Structure formats: structure tokens, C-alpha cells
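Basis for what follows: all heavy atoms, side chains included, without hydrogens, waters or symmetry-related copies. Predicted model, so just to flag it, every value in this text is computed and none were measured. Atoms within a ligand are numbered from 1 in the order they appear, just like the ligands themselves.
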Amino acid sequence: MITILTWYGHAALGLETGGKKLLIDPYFSGNPAATIGAEKVAADFILVTHGHGDHLGDTVAIARRTGATVISNAEIAGWLGRQGLKTHGQHLGGGYKHPFGYLKLTLALHGSGLPDGSYGGNPAGFLLTTNDGKQIYMAGDTGLFGDMKLIGEEGIDLAVIPIGDNYTMGPDDALRAVKLLQPKHVIPIHFGTWGLIAQDPDAWASRVVKETGAQVHVLKPGESFEL
Ligand code: NI
Ligand code: MN
């Protein structure tokens, strides 16, 4: 079984696995890096790491159009549910067997306020075990934290982590994160969208390759990686 991960720019990801199409943090409208519009993407499930506009993005419009189920923390799931969307709320440390695999919410050091000022609960990352046993860690927006070592102990095949700095880990801490997570493959995201988070992903990739055992895949928005 092949799992295909597509980066749509910023933190927006597509994941095809187990015959299902997932979107993670579907920020298309207003995303200067996006290569496709919100009205074009397909989704069976939408995963939202936290409430910020550059992650919640077009969740409401896409879920209304596609009928996708939105998975997020209980507070965001509740807020979306009150807007008539189909939702599944989970919380940090909790996992659930969905049709596309076993999804666990992980710690993220960040904020989560919703666009209308509503409380967005705690921000999260996602650890997905696909139906054929591959482990994909999508860190969400986060600073470096030592418990990434615990996540790494689960045996990570692919880690998708922010390197943009200012709002999240920058390149130095993201390199330390790779050392804690020890993934086989790593993809950097949440950089280059705006000047404030401009980074050189190839320079970062060289350091990661030199100092860790991970393979780095620097994608351009719209490009995919097959796991
Ligand atoms: Ni954020
Ligand atoms: Mn963000």
C-alpha cells in the first residue's frame, strides 16, 4: 500500500492512504504558496491541528462541499459542529481507529485561538499509524519539546515538521527535533509563505543529512512524496 503526501504550501497537506483522501490544515484561500484552490480539492476527512486561520483555513467550505468529517481537538470539533459540520473530537494523547488508520493527537507548544476569538483548546500534532503500519508524525505548529523523544520511540517513518521560525521551531531547533524523533524521512513545512518565515530548506536539509540518519525531502508547493 502506498501512502502519498502532498504539500500545498505553508502547513496544508494532502494525504492519500487506505483508499481515503485526507486534508491536514487546509489553508488555500489567502495562502500565497497554494497551487490549487479550495474549491478543487477532494477530502473524506479533514484534520485540523489548531484554531489559527492559517491552519483552520478553508475547513468549513471544503467540509460543506465534500461532506468530509473534520477531526480536531474537542473544542474546535465542537465549534465546527455548531456550524453544522460532521466532526470527530479527540484530545491530546488520545487515539482512535478511523477508516484511514489509527490517529493519535500529540502535544504541540503553541496557541489555538479560533478566528472569531472563541477558545480553541490546546494545539495538537498528529501521529498517524496507517492501515499497513507506517507511522507518520505531523508536528503541527510547535516549538521544540523534549517529549518528541517519546514520539520518536514509536518508530517514525515520516516526520513533517515546521522550520520557519518566528511562530514555530526554526532550523536549529527543527534539527534538534529530528535528533529526538529519529524519523526515516523528514519533510520541512511552515516556511517561505511570507518573508517573516523565509528559510533555506536545502541548507537545512544538508545539516540534517550530515548530523542525523534521516532522509530529507524538500518539496515545492504542489509536490508529493510517496511513502
Ligand atoms: Ni499557529
Ligand atoms: Mn501557523
TODO: Answer yes or no for H50: is there an N/O/S atom below the 2.8 Å cut-off from the Ni ion (ligand 1)?
DONE: yes
Task: the Mn ion (ligand 2) to nearest N/O/S of H10 below 2.8 Å - done: no
TODO: Please report the closest heavy-atom contact between T49 and G140, naming both atoms and the distance.
DONE: CG2-CA, 3.9 Å
- [ ] Any chance you could measure K134, atom NZ, to L158, atom CG, to the nearest 0.5 Å?
- [x] 10.5 Å
Open item on the list: Between K184 and D157, does any NZ, NE, NH1 or NH2 come within less than 4.0 Å of an OD or OE carboxylate oxygen?
Closed with: yes
Task: Closest non-hydrogen atom pair between A205 and V218, with its separation - done: CB-CG2, 4.0 Å
Open item on the list: Once you measure the plane-to-plane angle for F100 and H98, does it fall in the parallel (<30°), tilted (30-60°) or perpendicular (>60°) bin?
Closed with: parallel
- [ ] Have a look at D141 and say which of its N, O or S atoms is nearest the Mn ion (ligand 2).
- [x] OD2
Task: the Mn ion (ligand 2) contact by H190, N, O or S atom under 2.8 Å - done: yes
Open item on the list: Restricting to non-hydrogen atoms, name the atom on N31 and the atom on Y8 that form the minimum distance, rounded to 0.1 Å.
Closed with: ND2-O, 3.9 Å
Task: Of all N/O/S atoms in D54, the name of the one nearest the Mn ion (ligand 2) - done: OD2
- [ ] Specify which N/O/S atom of D141 comes nearest to the Ni ion (ligand 1), by atom name.
- [x] OD2
Open item on the list: Nearest 10°: the angle subtended at the Ni ion (ligand 1) by H110 NE2 and H52 ND1?
Closed with: 90°
